[in-house]
Amino acid sequence: MSLSHDSAFIQSSRIEKMSALLDLCGRLLRVERVSVWKLTDNGDAINLECLNTLSDGIFTDTTTLSREQNPRYFEAMLTAEVIDARHAPTDPRTRQFNHSYLQPLGIKSILDAPVFDGSNLSGVICLEATSHRAWTLPEISIVTVVADTISLINSYEAWHASQQALDFISHYDELTGLPNLRAFRKHLEYLCKTEKTTPSMAVFWIDIDRIKSINDGMGETIGNHLIQETASRLQSLRIRGKEKVARSGGDEFLLLLRHTTEPEALRQVADQIQTLLSQPLSMTEVDVATTVSIGISLYPADSKDPQSLLKQAEAAMYQAKECGRGQARFFNADLSIQARQQFQAEAEMRHAIASRELVAHYQPIVDAFSQKIVSVEALVRWQHPERGLISPDGFLNLVRSANLMKELGQAMLETVLEDVMTLRDQGVSIPGISLNLSAEQLLDPEFAGSVRNQLQRAQLPASTLDFEVTEDAIESDTKSLLDNLTTLVDMGASLSIDDFGTGYSSLSRLKHLPFTHLKIDRSFVSGLPDKQDDKAITLSILGLARGLGMSVVAEGVETVTQADWLQAQGCAYLQGYLLHRPMPFDQLAALLRGS
């Protein structure tokens, strides 16, 4: 029984191992038929895996014995003990398959020993004699040893399969099947070590633009399909020197290009990638088109260290995003500093939101005729612990680049509702509160439900809130956006279109969306009443609003002349420095108490 220690045996295939073991067992015990049977996963049947006969050698078959037709045998087998059926045709455990199996093959005696896979019964090894055999203890011991050897083979194969699965998980991406960042890094390390045979390389770091908005607006299923399609297209890309494609994680991919670091050639490769990946992806109900931002680092020009090359390519990719997305940028020394500064700034912004450093200042909106406050707009400010109060112009681009618009909107809603509750507790009459909504919030399927929950916790009616949305924010015609707008209105909130006239909204879409207010952008108000273009645009907006049954707020009113002209044209509400500057909550509370 030295087979299990024989190197040729160990290296052979499973069927070769089974053949050797069954042949050995048959010759030692002079048994005509020796077979291995595998138990199905549900335990309802055993299937013949392989059979060795003294006359014909090894072969496989499709013979099956079912539990339903042979219950007594299965009952005995599942005890995981040796079945000694010396008179198989009459033995209660085996006689049920006498006519269908034993008689046709002339089998008189059976000896079965259990085979395991780890601690679980996986089948049996079966000795079938064509003469009556009184199985001796040494014979049973030999069969048990062979069964144990097969069990060891099963355990080894299960371990080997688990190691392969672990290796796949460790080195490949489950969603796309591409190598992951770890595998890519190992390959890059190997090439960097073989410096003499690796004269030049380029690392491309590729990031899908706006994947978060796609996930929020269309669901992760669409986002995952887009990632899979991007992987497939990158794999199909035919370019000279293409060495390896990997998914580094999330919406980011890596491409390794060898044998060229000529800038013009690499720009052409980047253009080819952009063209390939910008082609729309056809889904069930909609075509999804996106762009990618690409960062490129060069070996050995930028670095000979593989980890540095990856960081440099990633930094260049972020620089491409800063330049407007859909761009490709080469790494340069300044990028590393800029990337580090950007990362630190984004981390500071996340901390500011989490620690409530973002506060609300309020600017009243007044009735154009009575000058009474009818509502207030909540405007975000950053109360920086070192730099003091920072206006939105100083940090909103940072919030966008860090994908924190939803978190910012959530923090502002919480702050505003807390301030409104404070006014209520002080017995101050509460005007309507206007809040700005970002596209990211509107594309979040859970947004309207979150607003409802917060209003219920605050015990405030939804009519307290007016949500301001820019034209660009409603450019996307998605189900999530329409559902959110409709639900907010159904709850009792009102909707305003902010900065009207500066975006690209379709009038036919506006007609079908549940807005009740238009806000004329300050860029048109600033030229009133002298500039003819601003007058014409403002009069058009006022006429459009009347036709759609909407009220109008003019933003950025700074002079009496502007206010008088707007009032004369029928503009119902005014907002601007002439009337009230944005103010912190305490000043607003005092103003409302005084009025």
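Basis for what follows: all heavy atoms, side chains included, without hydrogens, waters or symmetry-related copies.
Considering all non-hydrogen atoms of both residues, I208 and I227 come closest at CD1-CG1, 4.3 Å. L178 and A231 get closest at one heavy-atom pair: CD1-CB, 3.5 Å. For the pair L237 and K242, the tightest heavy-atom approach, listed with the atom from each and the gap, is O-NZ, 3.0 Å. For the residue pair R133 and L29, the shortest heavy atom distance occurs at NH2-O, 2.9 Å. Scanning all heavy atoms of the two residues, the minimum distance from L22 to C50 falls at CD1-SG, 3.8 Å. Across all their heavy atoms, P114 and A80 have their closest contact at CG-O, 3.4 Å.
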Can L111 and I140 be said to form a side chain to side chain contact (heavy atoms under 4.5 Å, CB included), step by step?
CA-CA 8 Å; L111 179 63; I140 294 174; 4.1 Å; yes

What's the verdict on side chain to side chain contact (heavy atoms under 4.5 Å, CB included) for R457 and L417, showing C-alpha distance, side-chain angles and the deciding distance?
CA-CA 10 Å; R457 285 195 294 269; L417 292 181; over 6 Å; no

Given V292 and Q274, is the side chain to side chain contact (heavy atoms under 4.5 Å, CB included) satisfied, shown in steps?
CA-CA 6 Å; V292 293; Q274 289 280 13; 3.4 Å; yes

Steps toward side chain to side chain contact (heavy atoms under 4.5 Å, CB included) verdict (T149, L21)
CA-CA 9 Å; T149 304; L21 286 168; 4.0 Å; yes

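Contact check on E32 versus K108 returns no salt bridge, with no Lys/Arg side-chain nitrogen under 4.0 Å from an Asp/Glu carboxylate oxygen. A salt bridge does not link E189 with K193: every distance from a Lys NZ or Arg NE/NH1/NH2 to an Asp or Glu carboxylate oxygen is 4.0 Å or more. R400 and E440 are not joined by a salt bridge, as no carboxylate oxygen comes within less than 4.0 angstrom of a charged side-chain nitrogen.
In terms of modelled atom types and a separation under 3.5 Å, the side chain of R93 and the main chain of D84 share a donor-acceptor contact. Side-chain atoms of N180 do not come within 3.5 Å of backbone N or O of S248 as any donor-acceptor pair. T94 places a side-chain N or O within donor-acceptor distance of the main-chain N or O of A88, the cut-off being under 3.5 Å. The closest donor-acceptor contact from the side chain of T486 to the backbone of D483 lies at 3.5 Å or more, if one exists at all. Of the possible donor and acceptor atoms, one in the side chain of S151 sits under 3.5 Å from a partner among the backbone N and O of F116. A donor-acceptor pair is defined here as one N or O able to donate and one able to accept, closer than 3.5 Å; such a pair exists between the side chain of S355 and the backbone of H351. For N484 (side chain) and A448 (main-chain N/O), a donor-acceptor pair under 3.5 Å exists by modelled atom type.
Looking only at side-chain heavy atoms (C-beta outward), L254 and F204 stay at 4.5 Å or farther from each other. Contact check for F97 versus Q69: no side-chain heavy atoms found under the 4.5 Å cut-off. Y73 places a side-chain heavy atom less than 4.5 Å from the side chain of D112. Inter-residue side-chain proximity for P179 and F184 is flagged as unmet; no heavy-atom pair is nearer than 4.5 Å. Contact annotation: the side chain of I110 never approaches that of L127 to less than 4.5 Å [non-hydrogen atoms, C-beta and beyond]. In this structure, L39 and S122 have side chains that are not in contact, with every pair of non-hydrogen atoms separated by 4.5 Å or more. L48 is not listed as a side-chain neighbour of T64, based on a closest heavy-atom distance of 4.5 Å or more. In this structure, F74 and P71 have side chains that are not in contact, with every pair of non-hydrogen atoms separated by 4.5 Å or more.
For the atom pair CZ (R95) and CG (N70), the distance works out to 12.5 Å, reported to the nearest 0.5 Å. Interatomic distance, CG of N154 versus CD of E157, reported as 6.0 Å (0.5 Å rounding). A distance of 12.5 Å separates CG of D271 from CG of L276, quoted to the nearest 0.5 Å. Taking CG of L298 as the reference point, atom OG of S303 lies at 11.0 Å (rounded to 0.5 Å). For the atom pair L455 CG and R452 CZ, the distance stands at 9.5 Å (nearest 0.5 Å). Atom OG1 of T136 and atom CD1 of I142 lie 7.5 Å apart (nearest 0.5 Å).
D209 and T291 share a donor-acceptor pair across their side chains, judged by distance under 3.5 Å alone. In this structure, a donor-acceptor pair under 3.5 Å is present between the side chains of N42 and T40. Side-chain contact of E16 with S13: a donor-acceptor pair under 3.5 Å is present, judged by distance alone. Judged by distance alone, the side chains of N224 and T221 never bring a donor and an acceptor atom under 3.5 Å apart. For Q307 and R185, the side-chain atoms include at least one donor-acceptor pair closer than 3.5 Å. There is no side-chain donor-acceptor pair under 3.5 Å between E243 and H259. Between the side chains of S293 and D207, no donor N or O sits under 3.5 Å from an acceptor N or O. Side chains of Q96 and Y101: no donor on one and acceptor on the other come within 3.5 Å. A side-chain donor from one of Q454 and Q410 sits under 3.5 Å from a side-chain acceptor of the other.
The side-chain hydrogen bond (donor to acceptor under 3.5 Å, both in side chains) test with W205 singles out one residue from Q312, E252, E314, and that residue is E252. For the salt bridge (charged side-chain N to carboxylate O under 4.0 Å, His left out) criterion with E49, the lone passing option out of R14, K17, K38 is R14.
Within a 6.0 Å radius of CD in Q456, more than 12 heavy atoms belonging to other residues, nucleotides or ligands are found. With a 6.0 Å radius and a threshold of 12 heavy atoms from other residues, nucleotides or ligands, R350 has its CZ atom above the threshold.
Ring orientation note: the planes of F467 and F447 are nearly perpendicular, at an angle over 60° on the 30°/60° scale.
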